[in-house]
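Excluded from the calculations below are hydrogen atoms, water molecules and symmetry mates; all remaining heavy atoms, backbone and side chain alike, are included.
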Amino acid sequence: PAEGSAPFSMRDISVRYLGYVLVRTEGYAFSNSTRLSGNVTTTLLMYYNADIHDHLSVSTPEGEAYAKTHGYTLVGSVANVLANGTVSTPKEYYEGIFMRIQKLGIPLDYYWIWTPEGWDGGMTSTNPVFKAAVDDLASAGQAHAAVNASFKLATCGWVVGPLPDRSIFDRVLSSDYSAITSIDMHVGNSPVDPAYVNITKHDKWAIPWMEDDPGLTAPELWVNRTLMHMEDAKKYGCQGLLGIHWRTVQTSPQIAAMAQKSWNFGLTSNDFWKSWSIDEFGIPDPATVFAAVESFNLPRPVNWGGGPGAFAGNIAQCTWGSKYDFVDTLASMKSKVKPGSCLDRFEYWLNSFQYMRGISRTECARGRS
């Protein structure tokens with residue numbers, strides 16, 4: 001970032017506001033084509049304050065003075081940065097990024113470039129923003145070739161591409177790009193985009209949602225939907241499949257189902273739940289409960305509200321009693337589960353569903369108050 005009137009060039013505020021203890025600060029690796037003649041470089045220094053677990057990166061005498069008077073101690077130099085002049089083209093920026101990756105020896109298979117989330121709202125190929133994105137992607141492709149990068153390039157985003165033809169990236173991107181990918185639209189609630197079938201010059205990967213962030217504070221089970229999206233992806237000729245998620249244990253059923261169907265494409269959700277219940281709990285009985293309430297049948301007590309999984313007063317949740325009959329049905333099976341790890345896993349899911357029912361009861365009470 002350019003250094004103006006601020007007393008330092010970069011300040012990592014994520015340490016304080018997001019709960020990280022330390023975040024690594026990197027310098028810029030000059031590309032082969034960067035014109036340094038007439039430019040002056042200066043050293044970017046890192047200072048650390050052990051009392052508040054915070055660090056500053058500074059490159060001016062004023063920045064150093066600020067750090068010292070606020071209890072920061074010099075750790076060492078981070079990198080050399082331009083004190084005047086600029087890197088003139090996007091291609092040069094990408095060259096610097098790609099060279100740094102290679103010099104650090106990072107074992108990277110793909111460098112993934114994402115288009116913005118807002119494209120899900122109706123981005124069209126006539127919009128100047130799309131042309132700017134294509135130009136940027138082209139610059140990355142040129143840089144990739146210029147530095148002879150060992151890794152491959154791929155695109156991703158909330159849509160495969162803009163309207164009206166979402167497969168347009170297949171035509172406008174060069175062979176420098178190995179794959180065109182996308183997470184399924186509307187946080188996974190829309191089917192796999194049929195536009196994949198028209199992508200013929202690049203590999204293509206579909207990405208079903210194992211869970212979505214609006215429901216992130218409650219259980220989510222998407223086995224049946226995941227298997228359906230896998231079938232669509234295969235029908236459209238996709239060579240790759242990834243699952244997007246935040247949590248691990250909570251999403252383990254759909255992740256396991258996705259892995260198993262990759263080897264046994266005839267797998268159905270009922271087949272999976274029966275096998276999974278025996279493996280997890282030692283008995284098949286819970287399979288009927290999970291199969292009955294998963295995917296779109298599972299209650300949704302939380303939603304997006306300024307952030308993921310927000311709670312809110314809602315009288316619509318006052319029908320929680322009938323919606324959560326399955327919780328008592330599952331609880332009635334507890335006596336059949338053997339003590340030990342099987343019972344531990346059973347209680348994890350039972351407690352999760354009881355907690356979800358409690359959310360609905362609380363939101364009902366708040367909605368009535």
Flag, side chain of H202 to backbone of S174, donor-acceptor distance under 3.5 Å: yes
Presence of salt bridge, D285 and K336, under 4.0 angstrom: yes
All ring-ring contact (aromatic ring centres under 6.0 Å, His included) counterparts of F169, not counting sequence neighbours: F130
Nearest atoms (heavy-atom pairs only) where A206 meets A233: CB-CB, 3.8 Å
SB check D193 R166 (cutoff 4.0 Å): yes
S167 side chain to D170 backbone, donor-acceptor under 3.5 Å: no
E294 and R225 ion-paired at < 4.0 Å: no
Test: R357 and D328 ion pair at under 4.0 Å: yes
Which residues share a ring-ring contact (aromatic ring centres under 6.0 Å, His included) with F281, sequence neighbours left out: W276, F346
Residues in disulfide bond (SG atoms under 2.5 Å apart) contact with C364, at least two apart in sequence or another chain: C318
Full working for side-chain contact (heavy atoms from CB on, under 4.5 Å) between K103 and F98: CA-CA 9 Å; K103 287 182 178 180; F98 296 162; over 6 Å; no
For T155, the option from T115, L173, V160 that meets side-chain contact (heavy atoms from CB on, under 4.5 Å): L173
K152/D176 ion pair, N-O < 4.0 Å: no
Short N-O contact, D212 and R300, less than 4.0 angstrom: yes
